[in-house]
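Reviewing the structure listed below.
All figures in this text were calculated on a predicted structure; none of them were measured in a lab.
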Amino acid sequence: MLDLVFTVDDPVAWHTKNLKKNWSHYSFLKLLGPRIISSVQNNYGAGVYFNPLIMCDGKLIKYGVISTGTLIDDLLNWNNLYIAGRLQKPVKIVSMNENAVLRSALDKNLKSAVTTACLMLPESFSEQDLFIEIAGLSYSGDFRMVIGEEKAKVLNIVKPNVAHFRALYGNILQEDPQVVYKTQQGRLEIDKSPEGQFTQLMTLPRTLQQHINHIMDPPGRNRDVEETLLQVAQDPDCADVVRLGVSSIVRPSSIRQSTKGLFTAGVKKSVIYSSRKLNKMWRGWLRKTP
């Protein structure tokens, strides 16, 4: 199934037009009108409204709608790491208006993904190691990786697409002053000194910094984020702390968005969609069973 995401400046206007043209795409929420649909989109889950299992030109698609402002906020701050997480993987941008703020946010999201992945890796690692960490960020803590999603999904995303990941991240890696990128060998080295890690931690998205602070800050201390990050930079378990921080963003976001899907997709489509996911996981398990 092909996934599409539409970024729109005015969700109410967009849903108003789409309801007239594609009434059957929506669940029972269509009876409540475009304003309620837009409110559900913006205020629940990860800020995106999905219509799944749609036949379009003979292909089965799922399309989502997200407001430009919500997307930019997620790209910069990782509030949900949902659509931002999808955009850390190679995707095709079919069409895009001239929006300098959005373009800058897309670039910042990729740089944040590199920094976060590097913090979770050892001093020296391969391109594939890096791309697996990046691709896995938005699945870290996602309950669907235990229920419904094939656990080898991240590896299946990266292995056939290493060249696409390299094209997406190559310039960022070459321009990063803390990364030594040996392109010929496909190897990378990162500064793992406390000073180097502190610099990296200070450039992480705001929400991730806040979650790390919450994990590390004992009750009653109320330390500021910078003080906590300085401590984490000197901690031998820095990688684990960052991983926990990412998981603490993704887990509730994935649960909220999946719960929201029961209403936006409707019960029938949700059952069909979930059964497809379970069947895919089951087939993957059977392939691995001798």
Side-chain angles (χ1 to χ4, degrees), residues 71-93 101-142 153-155 157-159 161-212 225 229 232-233 238-250:
L71 176 58
I72 289 172
D73 204 19
D74 197 29
L75 291 168
L76 294 176
N77 299 312
W78 289 10
N79 297 333
N80 298 295
L81 198 49
Y82 196 83
I83 299 300
R86 292 179 180 225
L87 290 170
Q88 290 163 358
K89 306 168 187 69
V91 298
K92 182 174 179 60
I93 298 179
V101 176
L102 178 56
R103 287 188 182 277
S104 175
L106 287 164
D107 187 53
K108 177 66 167 65
N109 181 48
L110 298 180
K111 291 177 179 177
S112 296
V114 167
T115 302
T116 305
C118 285
L119 281 163
M120 297 191 296
L121 286 162
E123 188 174 0
S124 176
F125 48 90
S126 69
E127 282 181 324
Q128 182 165 297
D129 292 335
L130 174 66
F131 300 149
I132 287 171
E133 285 290 352
I134 290 173
L137 290 173
S138 62
Y139 296 113
S140 179
D142 189 336
K153 181 168 185 174
V154 173
L155 194 59
I157 290 171
V158 173
K159 272 198 165 182
N161 294 296
V162 168
H164 295 296
F165 274 94
R166 192 180 293 127
L168 187 61
Y169 288 100
N171 288 340
I172 292 172
L173 293 170
Q174 288 174 344
E175 293 170 4
D176 191 327
Q178 293 200 304
V179 173
V180 177
Y181 185 21
K182 302 174 182 178
T183 55
Q184 296 298 320
Q185 297 98 325
R187 301 286 304 178
L188 301 99
E189 293 176 2
I190 186 76
D191 182 1
K192 283 291 176 179
S193 68
E195 295 79 12
Q197 292 197 139
F198 179 64
T199 300
Q200 295 157 37
L201 288 163
M202 286 297 291
T203 65
L204 291 178
R206 182 185 62 198
T207 301
L208 179 52
Q209 290 181 338
Q210 291 170 343
H211 278 252
I212 290 171
V225 172
L229 296 182
V232 173
C238 175
D240 294 331
V241 173
V242 173
R243 197 179 301 278
L244 280 172
V246 174
S247 297
S248 68
I249 296 173
V250 173

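- Atom CG of Leu201 and atom OG1 of Thr116 lie 9.0 Å apart (nearest 0.5 Å).
- To the nearest 0.5 Å, the span separating CG on Leu119 from OG1 on Thr203 amounts to 7.5 Å.
- Each of Leu106, Leu168, Ile134 was compared with Gln88 under the side-chain contact (heavy atoms from CB on, under 4.5 Å) criterion, and only Ile134 meets it.
- Between Glu133 and Met120, the closest heavy-atom pair is OE1-CE, 3.4 Å.
- Nearest heavy-atom pair, Leu137 versus Val250, reported as atom, atom and distance to 0.1 Å: O-CG2, 3.6 Å.
- When side chains are defined from C-beta on, Tyr169 does not count as touching Leu130, because their heavy atoms never get closer than 4.5 Å.
- The closest donor-acceptor contact from the side chain of Asp191 to the backbone of Gln178 lies at 3.5 Å or more, if one exists at all.
- Under the 4.5 Å side-chain criterion, counting only non-hydrogen atoms from C-beta, Leu75 is in contact with Leu102.
- Side chain of Gln209 to backbone of Met202: a donor-acceptor contact under 3.5 angstrom is found.
- Looking at Lys159, its side chain never comes within 3.5 Å of a backbone N or O of Gln128 through a donor-acceptor pair.
- Shown here for Trp78 and Pro205, the closest heavy-atom pair between the two residues is CD2-CG, 3.4 Å.
- In the model, Lys108 has a side-chain atom that pairs as donor or acceptor with a side-chain atom of Ser112 under 3.5 Å.
- Side-chain atoms of Asp73 and Asn79 include a donor-acceptor pair closer than 3.5 Å.
- In this structure, the side chains of Ser138 and Tyr82 stay at 4.5 Å or more apart for every pair of heavy atoms.
- A salt bridge links Asp107 with Lys111; the closest basic N to acidic carboxylate O contact falls under 4.0 Å.
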- Passes side-chain contact (heavy atoms from CB on, under 4.5 Å), Leu121 versus Leu188? Steps please. CA-CA 10 Å; Leu121 286 162; Leu188 301 99; over 6 Å; no

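- For the pair Ser140 (side chain) and Gly136 (backbone), a donor-acceptor distance under 3.5 Å is absent.
- If you take CD1 on Ile172 and CG on Leu110, they are separated by 4.5 Å, rounding to the nearest 0.5 Å.
- Summarising the geometry of Gln197 relative to Ala233, their closest heavy-atom pair is NE2-O, 2.9 Å, with the distance given to 0.1 Å.
- A side-chain donor-acceptor contact under 3.5 Å links Thr207 to the backbone of Asn77.
- The structure places NZ of Lys89 at 7.0 Å from CZ of Phe165, a figure rounded to the nearest 0.5 Å.
- Judged purely by atom type and a 3.5 angstrom limit, Gln174 has no side-chain atom pairing as donor or acceptor with the backbone of Thr183.
- When atom types are taken as modelled, the side chain of Ser248 and the backbone of Gly245 share a donor-acceptor pair closer than 3.5 angstrom.
- Between Cys118 and Lys192, the shortest heavy-atom distance links the atoms O-NZ, 3.0 Å.
- In this structure, the separation between CD1 on Ile93 and CG on Leu87 is 7.0 Å, given to the nearest 0.5 Å.
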- Query: Does the side-chain contact (heavy atoms from CB on, under 4.5 Å) test come out yes or no for Phe198 and Leu229, once each step is laid out?
  - Reply: CA-CA 7 Å; Phe198 179 64; Leu229 296 182; 4.2 Å; yes

- Hey, mind stepping through Leu173 and Glu127 against side-chain contact (heavy atoms from CB on, under 4.5 Å) and telling me if it holds? CA-CA 10 Å; Leu173 293 170; Glu127 282 181 324; 5.9 Å; no

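- From Lys182, atom NZ reaches atom CD of Gln184 across 12.5 Å, with rounding to the nearest 0.5 Å.
- Heavy-atom minimum distance, Ile72 versus Val101: CD1-CG1, 3.8 Å.
- With contacts defined as side-chain heavy-atom distances shorter than 4.5 Å, the pair Tyr181/Asp176 does not qualify.
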- Message: One pair to check against side-chain contact (heavy atoms from CB on, under 4.5 Å): Leu81 and Leu208. What are the steps and the verdict?
- Response: CA-CA 10 Å; Leu81 198 49; Leu208 179 52; over 6 Å; no

